[in-house]
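Okay, structure first, notes after.
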Number of protein chains: 2
Amino acid sequence: MQIGELSERAGVSHRTIHYYERLGLVKPAEREGTGYRYYDEVAVKRLEKIAALKRLGLRLDEIAAVIDLYFEDANGIKGKERVLEILEAQLVNADAQLDELTAFKRDLESNITRMQELIAQARRT
Amino acid sequence: MQIGELSERAGVSHRTIHYYERLGLVKPAEREGTGYRYYDEVAVKRLEKIAALKRLGLRLDEIAAVIDLYFEDANGIKGKERVLEILEAQLVNADAQLDELTAFKRDLESNITRMQELIAQARRT
DNA sequence: CCTAGATCTACACCCAACGTCAGGTTTAGG
DNA sequence: CCTAAACCTGACGTTGGGTGTAGATCTAGG
């Protein structure tokens with residue numbers, strides 16, 4: 001698959017794929033002589049995983065540090081202690097984010113109720 | 001309180017406060033002639049709320065759209081329907097984020113376990 | 001074989017959210 | 001009253017995460 005198809009299937013522009021490649025987030029099985037990049041199915045999954053990690057608020061360099069964990073053979077991963085550190089830091093972070101998000105949601109719900117009451121009241125008068 | 005104290009207490013730089021003011025996120029009870037900005041206690045709370053909303057991934061313009069909800073008298077709020085819409089959209093968003101974050105956490109935990117096993121195994125050999 | 005359409009590289013530019021710098025004004029304390 | 005410390009504004013720089021564009025090259029279908 002060429003970059004155009006990958007781009008379409010993963011929902012990112014080909015410019016973004018080039019950019020990610022420079023940052024070491026994705027790499028094609030590039031055809032030797034020509035310059036054209038060719039990708040396999042795994043590349044689609046990889047870009048989707050990157051998008052998911054981005055939604056969680058990770059920066060691209062942080063994603064680069066752990067993305068291989070999801071796609072390489074685990075036995076081949078270098079610097080396991082370092083990866084472990086990163087994962088544990090992310091876990092702490094995720095917990096904090098969960099707490100904050102839960103509180104935010106409670107806040108939101110009470111504000112929504114308040115707004116609905118105010119609107120209903122305004123309608124009655 | 002002047003901008004220096006506010007800055008220190010809220011944990012943001014004075015340039016950030018200037019920037020937020022331009023975006024309509026905060027406004028001082030500015031002394032008329034002089035140019036110096038003076039703030040009250042509410043300003044500290046307001047900056048803290050802004051920081052909290054930022055941590056949830058809202059952009060500054062989105063925060064600007066709802067921040068008054070937290071500090072103005074609710075009866076004085078204009079465009080209640082619009083505010084309600086924004087809040088409900090944020091609620092949907094927060095739910096999605098919660099789901100994603102929960103799944104991410106599960107993932108993280110299983111990866112941490114895997115890493116720990118690999119490290120222990122490497123140590124034994 | 002030839003051309004349209006897909007890709008290539010490189011550089012420039014964009015936006016958000018600030019930080020830095022410079023030069024001028026205001027305030028507070030001795 | 002005088003000066004250091006705090007404050008002001010405006011212009012420019014920076015980082016992260018990209019997008020736009022130009023000019024050249026490659027590939028595929030008629």
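The shown structure was predicted, so the numbers you read here are calculated from the model rather than taken from an experiment. Chain letters run A, B, ... following the sequence lines, proteins first and then strands; every chain starts at 1.
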Generate the contact string for nucleotides 24-30 of chain D. Rules: B means base contact, S means sugar-phosphate contact only, - means no protein heavy atom under 4.0 Å.
--BS---
The test is side-chain contact (heavy atoms from CB on, under 4.5 Å); show your working for A/Ile112 and B/Glu88 and say whether it passes.
CA-CA 7 Å; A/Ile112 284 173; B/Glu88 281 173 341; 3.7 Å; yes
With a 4.5 Å limit on heavy-atom distance, are the side chains of A/Glu41 and A/Arg9 in contact?
yes
Let's see if you get this right: which residues in residues 42-66 of chain B place a heavy atom under 4.0 Å from DNA chain C?
B/Lys54, B/Arg59, B/Leu60
Nearest whole Å is fine: how far is C/dA16 P from B/Arg22 CZ?
11 Å
Report, as yes or no, whether the 6.0 Å neighbourhood of atom CD on A/Glu5 holds more than 12 heavy atoms from other residues, nucleotides or ligands.
yes
Taking side chain as C-beta onward, heavy atoms only, is B/Thr102 less than 4.5 Å from A/Leu98?
yes
Flag the pair A/Leu56 / A/Gln90 as yes when at least one side-chain heavy-atom distance between them is below 4.5 Å, and no otherwise.
no
Strand-adjacent residues in residues 4-20 of chain B, judged by heavy atoms under 4.0 Å from DNA chain C
B/Ser13, B/Arg15, B/Thr16, B/Tyr19, B/Tyr20
Which residue pairs pass the side-chain hydrogen bond (donor to acceptor under 3.5 Å, both in side chains) test when at least one of the two sits in residues 92-101 of chain A, sequence neighbours left out?
A/Asp95-B/Lys105, A/Glu100-B/Arg55
Taking only residues two or more places apart in sequence, or in another chain, which ones meet A/Lys45 in a side chain to side chain contact (heavy atoms under 4.5 Å, CB included)?
A/Glu48, A/Phe71
Go through B/Ile3 and B/Tyr36 one step at a time and tell me if the side-chain contact (heavy atoms from CB on, under 4.5 Å) criterion holds.
CA-CA 8 Å; B/Ile3 199 167; B/Tyr36 272 37; over 6 Å; no
Side-chain contact test, heavy atoms from C-beta onward, threshold under 4.5 Å: evaluate it for A/Ile50 versus A/Leu47 and give yes or no.
yes
Heavy atoms, side chains only, cut-off 4.5 Å: are A/Tyr19 and A/Leu25 in contact?
no
Residue from A/Lys27, A/Arg37, A/Arg46 passing salt bridge (Lys or Arg N to Asp or Glu O under 4.0 Å) with A/Glu21:
A/Arg37
Axis-to-axis angle between the two ends of the helix from C/dC1-D/dG30 to C/dG30-D/dC1 (five base pairs per end, rounded to 10 degrees)
0°
If you group Ile, Leu, Val, Met, Phe, Trp and Tyr by side-chain heavy-atom gaps below 4.5 Å, do A/Leu118 and B/Leu87 land in one group?
yes
If you look at every heavy atom in A/Leu23 and A/Ala64, which pair is closest and at what distance?
O-CB, 4.1 Å
Does B/Arg37 make a side-chain N or O approach to OP1 or OP2 of C/dT26 shorter than 4.0 Å?
no
